[in-house]
Every structure is written in C-alpha cells, then in structure tokens.
Amino acid sequence: MKLKTLYNPINLGLLIAGVFLLVYTGYRCFILSFTHDESFSFIHYVNSSVSDIISYNLNPIIANSHTLNTLSMKWLGGLFGYSEFVLRFHSFLAHIIYLIFTYLILKEFNSKFMLIFGFLILNCNPYLLDFFSLARGYALSISLMIASIYFFIKYMKYENNNSMYLSLLISILSVLANFSLISFSVALIVVFELFILLKKDSIKTLLLKSIPVTLTAAVLFLIYNGPIKVLVNHNQLSFGGQSGLWADTVMSSIYCYLYNSSYSDSFIIFLRFLVVFVSIVSIIILYKQFNSKSLNSFSYISLVFFIILLLNIFQHLFLKGSYFVERFALFIVPLFFFSLLHIVNYLINQNKSLIIVSYIISSLTTISALTILFSSINTTHCYTWQYDANSKNMLQDLSKERIDGEKIKLGITWLFEPTINFYRETTHLSWLEPVNRDGLTGDYDYFYVESNDLNSFDTTNRTLLKTYPISGATLFKKRNK
C-alpha cells in the first residue's frame, strides 16, 4: 500500500481497526490457558515424525491433528520453546493473512461503502477471532481459503494462469490445515471448470486451461485416499449434525456467532432472516446474471458457497456423513458474508427502493456485528473450551498448597486431562503426578471438578478451596490431608 493511499481516512481507519484486532488476538495467544484440543495435539502428535503427521500414521487415530497446525507447533516449539504464544504463533500469522486478503478482496468492489461494510462483517466475529488465538487448524484453513479466493478473483478478471495455479495450490494447503476444507477445494475446481467452459474455447484450449484443475483434483484424490481415508476407516469423521442443514449448520453457526452475547435473543430472529434472505436473493441474482451473461467474480464466490452446501447435503444423503456444525462450519461463514456483499453490491446499482433495502440490510447487519463483538470480546476464555479457562490458574493455586518435596495426586473431570498434563510437561511441574481420565473416584489429594460433575461429586471428607467463575470449575482438597 502506498503511503499516500494509507493516509486516506478510510484506509487509515481500517488499518487502526486491523491493528486493534491483531492486538486482541495476539494478547489472547499469550494470556489464554491452553485448551483441551490444543493440549491433546501437543501431547500425542507433536513429537511424531513429519511423515507420520502428514500421512496420519498417529496414535490415537482421532480427528484432532490438523496437519499444518501440528507441523507448525512441532517446528515453532522446537525452535523457540513450548510457550502458549509460540505454539499459537502460526494462528496469529493467519490472522494477519486474513486481514490483508479480506481487504484486498473488498477493494475489488471499487466502493468505499462496500469496503467499510465488508471489513466490519468479515472481521467483527468474536467466534472466528477465538481461533486466531488458538493452536488449531481452523484459523490457518480459513485464512488460506481467503487467499485462495483472492487469486481466484484475479483469474476471473485477467485470466492469468499464475493466479489459477496459486488459487488452487493455496486451496490444497487449506485442506491440509483442516480436512473440512476439501469441500471448498472441490467447489473451487467445479467453478473454475464452469468458468472455462463458459468461454466456449476450442477443445485444445479447453484441455490446456483444465490442466491445473485436473492436477488439483489428483492431489485432492491422494489426500482423500491418504490421511482422510485413515480417519474414515476409523469412523472419525462421523461427528457433526444429523438433523439437517438448517438445524445443524445454520443454527449452530448463529449461536456460535452470537458467542453467548447478552443481546442474543434480540439478534436470533434477524440472523435467521438474513440467512433466508441471502439464500433466496442470491439464487435470484445468480439466475438473472447467468441469463444476461453478467456473472462477475463475486457471483462465482456465491456459487462456491452454494456448491459447498450442496456437497454437504449429498454426502449426508448418500454417504451417511454429518452436516457441518459449529467450528467445523466456521469456514462457511466468510463465504456467506461474501454472498451478502454480492447482493448488496447488486442492489445498490438498481432502482431507489432496492437501494434503500440494501442500506437497511447493511445497517442492521453492521449494528449486529459490532454489538455482538463488543459484548463478547474477552481476555479470559474462548467459546468452545470455556471449561479450560482456569486450568493454568488452578495449577498455580495448587502449587501454593503443596509442601516442599511432596508429590500431589490430582483427581479430575476427564475433560481437564490434556491441558493439565500439557502444563505439567511444559512448565516442569515435577511435584504433580500425571493426571488421568479415570474420573473423580480414587485416592487423590486434590480434586478439580467441572461444573457438570458437581452434583454427582461426593464432597464427604472434601474441603472446598476455590471456585473459578469463568470456567465454573471447583478445586477441592481431601480433608484429612
């Protein structure tokens, strides 16, 4: 970006907003307690060889290892040590990539209004921001998807083969970051091929242009028949929803987007309406643009979005797969907002009544996004693994309880096992015996109990030491200790 362009009030405002968001996610990378899934990946997979991580020759075989995430943790931790920030640094870098490429994509509208509106709805998402602060593959995969879309747009405009190769290559990397993104890469292949076919070139030209698409399909086939097939064979991709696209994908995405906001009830109806509105109006606009041969780059992004949803429905109906839910559906959310942007951009170029509709929809969506963001941002926990918010604090409190030279046996709710063992290993808590998943019955010195287990936990001969309000967990001590 040229310095003169940077001094533009809008660009300067967006830069300040972007820096604020980066400070937020970067600080959370540093301060948040490690979570269950992060810790599980570290304990079980980081010490595996690169070839085993890539081929999913891992133990145990569950869908916890996100390939690029595990490799990043392995390499960064090996170089700079196993602090929370270092192990999460690649997700923070993914946030920078996401901010840059969402800005570059929005610049394609050549509209100040669309630039500001798009930046706000694509970036003011507290649930998405969680994953830019965690050592998981979701942040990397979504940022790579956005970068892939940017080069996809460049190809649509200039038909530069390098842009096609970059788009497809980055889409493959997004799959390696999170296998759910294979549906995005497949949808991208379909739309690229559709774009090529609509050009009605000669057979020879068509075949030549289809080479990168064919190569990408071949690589995806290898990925599917490699690590993904390992997970399929071990029934590790059956998690998710079984009720339907609306009940599972749409509603779970809405609830995650709301992030337990105190204004949730006020926004649920509007967000439901927004989903229906975008779905119906997008189809109408795509139909009109197809008939008038006026499809543009954002029309094709909407097609990618709908193809992903159709693929999800078909694989459920014919392969008994699950519908995307919660974090597994998170990559769909930016695509949904791109479809909304496509609609708004189309409507503001129509008659006065449709222009008014577009501004009303845009205003309500922006108000919702900003309200949800500012009522949800925090430096204490993340939405999905809130129960682990105080695991690190609890160990600090427990260390003050011990007598020099004594070993402590801690009984826990099984959910806490990976994170407590992570801190035991990385912070060298030699005084703490390794924790297990055997439950809260046993000869333990202390007990760390998740809120859902409190009603069934036997408090006889137990002294309550501390309750942690964020996680709802409670620390007890054996009374005769």
Side-chain angles (χ1 to χ4, degrees), residues 1-24 95-126 128-129 142-143 145-158 163 257 270-271 274 277-278 281-282 285-286 288-289 294-302 304-305 333-374:
M1 184 185 296
K2 294 179 180 179
L3 193 59
K4 185 177 179 181
T5 305
L6 178 60
Y7 285 139
N8 177 293
I10 292 175
N11 287 333
L12 188 59
L14 294 182
L15 178 63
I16 293 170
V19 170
F20 168 79
L21 293 171
L22 286 174
V23 169
Y24 174 67
H95 193 188
I96 297 174
I97 293 169
Y98 181 86
L99 284 165
I100 291 171
F101 280 99
T102 49
Y103 173 82
L104 291 175
I105 291 171
L106 293 170
K107 290 284 285 184
E108 296 295 321
F109 282 111
N110 292 316
S111 164
K112 294 177 181 178
F113 171 77
M114 294 300 296
L115 179 60
I116 296 171
F117 173 53
F119 183 89
L120 291 175
I121 64 172
L122 287 167
N123 288 281
C124 295
N125 182 341
L128 174 60
L129 293 175
I142 291 170
S143 295
M145 179 187 75
I146 296 299
S148 175
I149 288 172
Y150 171 72
F151 290 109
F152 168 80
I153 289 172
K154 286 299 180 185
Y155 179 78
M156 296 292 133
K157 288 184 68 175
Y158 305 113
S163 295
Y257 180 67
F270 171 69
L271 292 173
L274 192 65
F277 173 80
V278 169
V281 178
S282 284
I285 292 173
L286 286 172
K288 293 181 70 173
Q289 289 181 324
S294 59
L295 291 169
N296 57 44
S297 302
F298 291 92
S299 309
Y300 287 108
I301 295 174
S302 293
V304 169
F305 170 63
V333 175
L335 296 174
F336 169 80
F337 282 129
F338 278 128
S339 294
L340 172 60
L341 290 167
H342 176 228
I343 291 171
V344 171
N345 188 58
Y346 180 88
L347 294 181
I348 60 178
N349 291 300
Q350 305 303 312
N351 59 58
K352 186 175 181 179
S353 60
L354 291 179
I355 293 173
I356 292 171
V357 169
S358 68
Y359 283 127
I360 291 172
I361 294 292
S362 302
S363 299
L364 291 174
T365 305
T366 302
I367 291 168
S368 299
L370 290 173
T371 304
I372 291 166
L373 176 69
F374 287 111

With sequence neighbours excluded, residues passing ring-ring contact (aromatic ring centres under 6.0 Å, His included) with [X]:
X	answer
Phe152	Phe192
Phe119	none
Tyr98	Phe132

Inter-residue atom distance [X].[atom1] - [Y].[atom2], 0.5 Å rounding:
X	Y	atom1	atom2	result
Ile105	Ile100	CD1	CD1	12.0 Å
Leu14	Leu120	CG	CG	7.5 Å
Met145	Leu335	CE	CG	4.0 Å
Lys107	Lys112	NZ	NZ	9.5 Å
Leu129	Asn123	CG	CG	7.5 Å
Ile10	Leu115	CD1	CG	6.5 Å

Would a 4.5 Å heavy-atom cut-off, applied to side chains only, mark [X] and [Y] as touching?
X	Y	result
Phe337	Phe117	no
Phe338	Ile146	yes
Val333	Leu128	no
His342	Ile285	yes
Ser362	Phe113	yes
Ile372	Cys124	no

>> Could you walk me through whether Tyr103 and Leu15 satisfy the side-chain contact (heavy atoms from CB on, under 4.5 Å) test, starting with their C-alpha distance in whole Å, then the side-chain angles of each, then the deciding distance to 0.1 Å, before giving a yes or no?
In response: CA-CA 10 Å; Tyr103 173 82; Leu15 178 63; over 6 Å; no
> Can you check side-chain contact (heavy atoms from CB on, under 4.5 Å) on Ile153 and Leu104, steps first, answer last?
Replying inline: CA-CA 10 Å; Ile153 289 172; Leu104 291 175; over 6 Å; no
>> If you apply the rule ring pair (Phe, Tyr, Trp, His ring centres under 6.0 Å), what do you find for Tyr346 with Phe298, and how did you get there?
In response: CA-CA 10 Å; Tyr346 180 88; Phe298 291 92; over 10 Å; no
>> Would Leu286 and Leu295 count as a side-chain contact (heavy atoms from CB on, under 4.5 Å) here? Give the steps.
In response: CA-CA 7 Å; Leu286 286 172; Leu295 291 169; 4.2 Å; yes
Where is the tightest heavy-atom contact between [X] and [Y], given as atom of each residue plus distance?
X	Y	answer
Phe336	Leu274	CZ-O, 3.9 Å
Ile355	Ser358	O-OG, 2.6 Å
Asn125	Leu373	N-CD1, 4.5 Å
Leu341	Gly118	CD2-CA, 3.6 Å
Ser339	Val278	CB-CG1, 3.9 Å
Thr365	Ile361	OG1-O, 2.7 Å

> Thr371 side chain to Ser368 main-chain N or O, any donor-acceptor pair under 3.5 Å?
Replying inline: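 No: the side chain of Thr371 does not pair with the backbone of Ser368.
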>> Run the side-chain contact (heavy atoms from CB on, under 4.5 Å) test on Met156 and Glu108 for me, step by step, so that the C-alpha distance in whole Å, both residues' side-chain angles and the decisive distance to 0.1 Å come before the verdict.
In response: CA-CA 12 Å; Met156 296 292 133; Glu108 296 295 321; over 6 Å; no
